[in-house]
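Read through the structure below, which is laid out as structure tokens, and then see the notes.
Proteins get letters first, then strands, A, B, ... in listed order; numbering begins at 1 in each.
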Amino acid sequence: MDGRYNPGEIEPKWQAKWEEQGAFLAHDDSEKPKYYCLIEFPYPSGQGLHIGHIRSNTAMDIIARKRRMEGFDVLYPIGWDAFGLPTENYAIKTGIHPREVTRQNTDNFRRQLKRIGFSFDWSREINTTDPGYFKWTQWIFLQMLKKGLAYKAKMLINWCPSCKIGLANEEVIDGKCERCGSEAEKREKEQWMLAITKYAERLHDDLDTVDYLEKIKIQQRNWIGRSEGAIVKFRISNFEFRNRSNSDVDWIATSKTPRNDEEYIEVFTTRVDTLFGCTYVVVAPEHALIRGQITVNREQGTDDFSHPSVLNTGQLPSGRGAGSGEQGTDDFSHPSPRKAEELPSGRGAGSGEQIVGSGEQGTSLRQGYGMAKQGTANGEQIVGGMEPGVGIKNWEEVRAYIDETKKKSEMDRTAEGREKTGVRLEGIMAVNPINGEEVPVFVADYVLGDYGTGAVMAVPAHDTRDFAFAKKYDLPIRNVIMPHLIDKKNPPREGKKSVERNTIHALVKNPKDGKFLCLEWKNHPWITFIVGGVEEGEDVVEAAKREVLEETGFSNLEYVETLGGKVQSEYFAAHKDENRIANTTAVVFELRDETREPVTEEEAAKHSILWLSLDEIRNREMTCAELDFWLARLEGNEGVFIDDGILTDSGTFSGLSSSEAREKISAKLESEGNGKKVVKYKLRDWVFSRQRYWGEPIPVVHCEKCGIVALPESALPLELPEIDGGYSPTDTGESPLAKIASWVNTTCPTCGGPASRETDTMPNWAGSSWYFLRYIDPRNDSALADPEKLKRYMPVDWYNGGMEHTTLHLLYSRFWNKFLYDIGVAPTSEPYQKRTSHGLILAEGGVKMSKSKGNVINPDDIVSDFGADTLRIYEMFMGPFDQPIAWGENGLVGSRRFLERVWKLQEKLTTHNSSATSPCADPLAKTSGQPTKIDRLLHRTIVKVSEDIEAMRFNTAVSSMMILVNALEKEPSISNEAFGIFLRLLSPFSPHIAEECWAELGNTESIFLTEWPVADPVMLVEDTVKIVVSVNGKVRDTFEASVEATEDDLKAKALASDKVAKFLDGREPKRVIIIPGKLVNVVV
RNA sequence: GGGCGGAUGGCGGAACUGGCAGACGCGCUGGACUCAAAAUCCAGUGAUGGCAACAUCGUGAGGGUUCGACCCCCUCUCCGCCCACCA
């Protein structure tokens, strides 16, 4: 060692050596077990490497380096997710070819990453824009097309009328075009779709087989949105057929359902237990019943119930002529894309895409439309059928409503407090199959056309949305679920008989002072409202009035309201010596005057009258289990009870719990052909088209004769044509590719006739959906990757990335991998064994770093000023890895000082630079003799650092190394062995300084070829421990004790303490709690 | 509205499974070195009271469980992220 720590000198030196030695290459033929570390490959933006990239890359670099030292052959690859909007926009602005921009940016990123000293296998670098790469992206698309997972459908896209281009969702800010600020519109366009919904169940269930952070699993599950429920068929009465004749298809013949004059609305519900409370039915504006339009490409393949979501008569053959007989027959409990040969047709609307602003950090896996926006139109083509509004008498009004809905922007539909609107369909009624009751039918936009069946049974008593709608349109509210309570004060007693009764609580208010009439019982310590039973067939209000009169004599009451539905409570009725199951209705009255009739002596003997204000009721011990419900409802929290409970007024199902009732009611419906249990997913198919230049061309042509024809695999890669100048999309919203006639016009691979190329390109999620496979065999020209190599490396053992990618990217890539697994390409069903996430690095002040704010930190500056090792260790030390953290320069100084101190430790080495052989071959070499304090600390540090790395607690790992260095500094001398062990612990964090010091120790071999230190158990055993003595839980003293000290020893020693004696103050300890090895607590 | 996460000194953050709150780092204060400064080193650093030993208080607020609570339970406030009329 010569003098000062100079990272500017040693860092490039070691980087060059490692590269020269191929130190971090993965070996396909290695004997060692493999370990595949993956980070999300960056989008090479013009802004250069973000400080956040360094944090996540360093974390995985630490794991990769540790794994190598643990004897694994590690694959830690890197590449570029280089298709994407910023590059394209830059090209539009400057006219520079995106390929050139990409080249410059990747060069810069590569240079920056290499300066940090990451142990990437650079020989496997990939780039999604490289034809040798996207050849296989296109190939996968063709396989999906073959298996019927890729299809075309009409979709709404965001459209800027001023810029005349389609906008990705992230380009629409608050409903406006990001660039020009004009209001974005929706425009219908035919789009390529990928049927990810066919994999919904497996994507959901297989999460059980992988080791992802729980929060990631939760997000994935929520996104997939599995819900169990039931389809219920409501027959439409008064339905009038019209206009069958003008259909150009024989829909009757192709309709799978036996035709009769009954038509149905099918609703999806998760709460079939509330079916008796249904007082109307609502269909979405998009629903076929009111569109009255027959559509194709609807639903098929995405639903797992036996009937389509619209009128049975609406069924028509799909556009491909496959016949709608197929429709609905797919059973997706075991989806097998291998079998799915038909083009599944467009269930058009997609789910809400969320673009999660990841800033420039994290990775580029961030663009595109993602899954389609919710609430957009179904991909439908009108081919004939009924005329609009069949059977609907107020069709004009209905159509006006629908038109209005269409005009509403996405914003309006979700903003403005979401007041519910709708129109009743006059002339038709729906029949509730469980009780034969006719209920009205509405169209309302609070029902979504693309979820479930596009129709709901409305149960206002038990659904807040239905409730709001029912209130507004004055529809009946029927309570059929009772909350269930057990009275805690008088719980039911075992062995007593149970009696179920309908009861009332009368809440009688005196308008003079606002107080309520209560009863104070004489033989029991009770205060109650006026309580009583409801006679068979008696009206609850009448019953309540009667009870008030009988018990108190007040006779002139005005009925105010009934407080929601019944509440069931179980309690022990001491005055009757029996358990009661009381189904209680609360009725509110006001006194018109204080007229009182005489009360029988018997009643008068039982209780006396008490007037209590609401506050008193709340504070006094009322004997009323239902009190909380009554108070809430009195205060205007209307009686919508949305939880599970006990059924009431539900025919033979009354008395069942909600969950029992769901089973039994759906079983009954199914046995009668009126419904069945189903599972639904919120997940929508993936909109896969972009009207952009800088993406993978979709490798199909449109032939006048043959329709959509896939390119043969031999024609791949289909490369982008050169464009002079304009990379802007066309005025029509088509991709810029559409402008290049020489490229568009081609011949059909099937018939040789004229054909035009598809001009849409793929979203840049495409390239990132399978890149982890390509790393394994990145130069293979004849296959996506060699199957043997795939088998060696897959699955990815550890994949770390940002939470912003847990829904879209993670789901897309799992989907593609599963598809590739199904067609025999990928060796594992799940691509990633383990997934963790990092927190973002924010700018100082906790805001996002952005060019416009001028608060972007350039890693080059930090490396120049402090060194890569300092930057790395600081980013690990600054805070918990999984939490967002604000950047601050302050801590950097401390990290640099730490490395300086490490450097200086070399001066204390006992055998400085004296040996050419490796003095630290065996990490446990020096465990003989009496372990010193330093030995023990060293070995504890080995344990701490090892464990912390595995748990990604890098901050505390660094802290424990600092503690060790602080202690080593105080030693007069340090053994080479001890220092060597420490260097190995440090090496994954700050590899250059560790390697340099290691070489200075006289080692000729890289520190990364040594083994990861293992702690000697002997060194971890302490012979004395510090025992804390507390009195009443407050620490008063401590003492050293042997680890073998018995409880009695500890107790005696603790009680002998002067300080304890002082706090005992002569009193005898009541109790002494002894936790061996830790503390003694004296209780007085 | 729903889900997830968070709140600890002047600051970033520690605290295993309920057992000495504030590790480690930054900053600050004092000292050493220096003509001086930087760098480095040493000591101190939660608040309050006290010359001090020491005592009391203290982990967003309020309750509870416990011998003992940053940690578990209940209620609430605030912050972040994600989703959001999903039947």
**Prompt:** With under 30° as parallel and over 60° as perpendicular, where do the rings of A:H462 and A:F641 fit, or are they tilted in between?
**Reply:** perpendicular

**Message:** Output the rounded distance in Å from CG (A:L968) to P (B:C41).
**Reply:** 15 Å

**Side chain of A:I218 (C-beta onward), nearest among B:C67, B:G25, B:C4** = B:C4

**Prompt:** What is the pairing partner of B:U59, taking Watson-Crick or G-U wobble pairs with both distances under 3.5 Å in any strand?
**Reply:** none

**Request:** Rounded to the nearest angstrom, tell me the gap between atom CZ in A:F898 and atom P in B:A39.
**Result:** 20 Å

**Prompt:** A:F1063 near the nucleic acid: base, sugar-phosphate alone, or nothing, with a heavy-atom cut-off under 4.0 Å?
**Reply:** sugar-phosphate

**Item:** Rounded distance in Å - CG (A:L1050) to P (B:C67)
**Value:** 21 Å

**Request:** Have a look at A:N222 and say if it touches a base, only the backbone sugar-phosphate, or nothing, with a 4.0 Å heavy-atom cut-off.
**Result:** sugar-phosphate

**Prompt:** Expressed in whole Å, how much space separates the C1' atoms belonging to B:U17 and B:G13?
**Reply:** 22 Å

**Nearest-angstrom distance, P atom, B:A39 to B:G49** = 33 Å

**Rounded distance in Å between the C1' positions of B:A21 and B:A7** = 16 Å

**Prompt:** Who does B:C78 pair with, Watson-Crick or G-U, both distances under 3.5 Å?
**Reply:** B:G6

**Prompt:** Where the side chain of A:V456 is concerned, which of B:C41, B:A87, B:C54 is the nearest nucleotide?
**Reply:** B:A87

**Fill in**
Atom NZ of A:K1034 and atom P of B:G18 are separated, to the nearest Å, by 23 Å

**Message:** Syn if the chi torsion is within 90° of 0, anti otherwise; quick check, which is B:G9?
**Reply:** syn

**Complete:** If pairing means Watson-Crick or G-U wobble with both distances under 3.5 Å, then the partner of B:G44 is B:C28

**Asked** Less than 4.0 Å between a side-chain N and a carboxylate O, is that true for A:R896 and A:E900?
**Response** yes

**Check ion pair A:R662-A:D644 (N to O, under 4.0 angstrom)** = yes

**Prompt:** Which base sits across from B:C67 as a Watson-Crick or G-U pair, both distances under 3.5 Å?
**Reply:** B:G19

**Message:** Tell me the interatomic distance from A:M803, atom CE, to B:C4, atom C1', rounded to whole angstroms.
**Reply:** 8 Å

**Message:** Taking the nucleotide of RNA chain B with the nearest heavy atom to each, does A:V958 or A:K944 sit closer to the 5' end?
**Reply:** A:K944

**Message:** Starting the side chain at C-beta, find the nucleotide from B:G13, B:A87, B:G19 nearest to A:P880.
**Reply:** B:G13

**Message:** Whether A:K420 engages the ring of A:Y446 as a cation-pi pair (distance to the six-membered ring centre under 6.0 angstrom, angle to the ring normal within 45°) should be assessed.
**Reply:** yes

**Whether A:F469 and A:Y473 hold their rings parallel, tilted or perpendicular, with breakpoints at 30° and 60°** = tilted

**Message:** For a quick check of understanding: with a heavy-atom distance under 4.0 Å over all strands, which category does A:D466 fall into, base, sugar-phosphate or nothing?
**Reply:** nothing

**Request:** Give one of base, sugar-phosphate or nothing for A:L892, where a contact means two heavy atoms less than 4.0 Å apart.
**Result:** nothing

**Prompt:** Mind checking the P distance from B:A37 to B:G30? Whole angstroms is fine.
**Reply:** 12 Å

**Asked** Which whole number of Å gives the distance between the P atom of B:C72 and that of B:A55?
**Response** 30 Å

**Complete:** Closest to the side chain of A:N1081, out of B:G19, B:A87, B:A23, is B:G19

**Prompt:** What interatomic distance, in whole Å, is found between P of B:U29 and the corresponding atom of B:C20?
**Reply:** 33 Å

**Item:** SB check A:R226 A:E228 (cutoff 4.0 Å)
**Value:** yes

**Request:** Counting heavy atoms from C-beta on, name the nucleotide in B:C24, B:A14, B:G19 closest to the side chain of A:T956.
**Result:** B:A14

**Message:** Under 4.0 Å, heavy atoms only, any strand: does A:V1083 hit a base, just the sugar-phosphate, or nothing?
**Reply:** sugar-phosphate

**Asked** To the nearest angstrom, how far is A:L1079 atom CG from B:U66 atom P?
**Response** 18 Å

**Message:** Can you tell me which nucleotide in B:G25, B:C20, B:C26 comes closest to the side chain of A:F877?
**Reply:** B:G25

**Request:** Nearest 0.5 Å please: distance from the CD1 atom of A:I196 over to the CG atom of A:D685.
**Result:** 8.0 Å

**Message:** Over all strands shown, is A:V1035 touching base, sugar-phosphate only, or nothing at heavy-atom distances under 4.0 angstrom?
**Reply:** sugar-phosphate

**Prompt:** Can you tell me how far C1' in B:G22 sits from the matching atom in B:G10, rounded to whole Å?
**Reply:** 14 Å

**Prompt:** Checking all strands, does A:K1070 fall into the base, sugar-phosphate, or nothing category for heavy-atom contacts under 4.0 angstrom?
**Reply:** nothing

**Message:** Taking 4.0 Å as the cut-off, does a side-chain nitrogen or oxygen of A:R897 come that near to OP1 or OP2 on B:G27?
**Reply:** yes

**Message:** Does A:D882 reach a base, just sugar-phosphate, or nothing at all? Heavy atoms under 4.0 Å.
**Reply:** nothing

**Prompt:** For the side chain of A:K904, counting heavy atoms from C-beta on, which of B:A14, B:C85, B:U40 is nearest?
**Reply:** B:U40

**Message:** Tell me the interatomic distance from A:L899, atom CG, to B:G25, atom C1', rounded to whole angstroms.
**Reply:** 13 Å

**Request:** May I ask you to evaluate whether A:N955 reaches the phosphate of B:A23, defined as a side-chain N or O under 4.0 Å from OP1 or OP2?
**Result:** no

**Request:** Check every strand shown and say whether A:I963 touches a base, only sugar-phosphate, or nothing at a heavy-atom separation below 4.0 Å.
**Result:** sugar-phosphate

**Nearest to side-chain heavy atoms of A:I885, which nucleotide of B:C24, B:G12, B:C4** = B:G12

**Prompt:** Can you find a donor-acceptor pair, distance only, under 3.5 Å between A:K420 side chain and B:C85 base?
**Reply:** yes

**Message:** Taking the P atom in each of B:A36 and B:A14, what is the distance between them to the nearest angstrom?
**Reply:** 42 Å

**Request:** In whole angstrom, give the distance that lies between atom CZ of A:R271 and atom P of B:A87.
**Result:** 11 Å

**Request:** Give one of base, sugar-phosphate or nothing for A:R226, where a contact means two heavy atoms less than 4.0 Å apart.
**Result:** nothing

**Message:** Over 60° means perpendicular and under 30° means parallel, so tell me whether A:F989 and A:F954 are parallel, tilted or perpendicular.
**Reply:** perpendicular

**Over 12 foreign heavy atoms within 6.0 Å of NZ, A:K217** = yes

**Message:** Taking the nucleotide of RNA chain B with the nearest heavy atom to each, does A:E969 or A:A284 sit closer to the 5' end?
**Reply:** A:E969

**More than 12 heavy atoms of other groups within 6.0 Å of A:K472 NZ** = yes

**Request:** Have a look at A:R901 and say if it touches a base, only the backbone sugar-phosphate, or nothing, with a 4.0 Å heavy-atom cut-off.
**Result:** sugar-phosphate

**Prompt:** Should B:A39 form a Watson-Crick or G-U wobble pair with both distances under 3.5 Å, which nucleotide is its partner?
**Reply:** none

**Asked** Picking from B:A87, B:C85, B:C54, which would you name as closest to the side chain of A:K1062?
**Response** B:C54

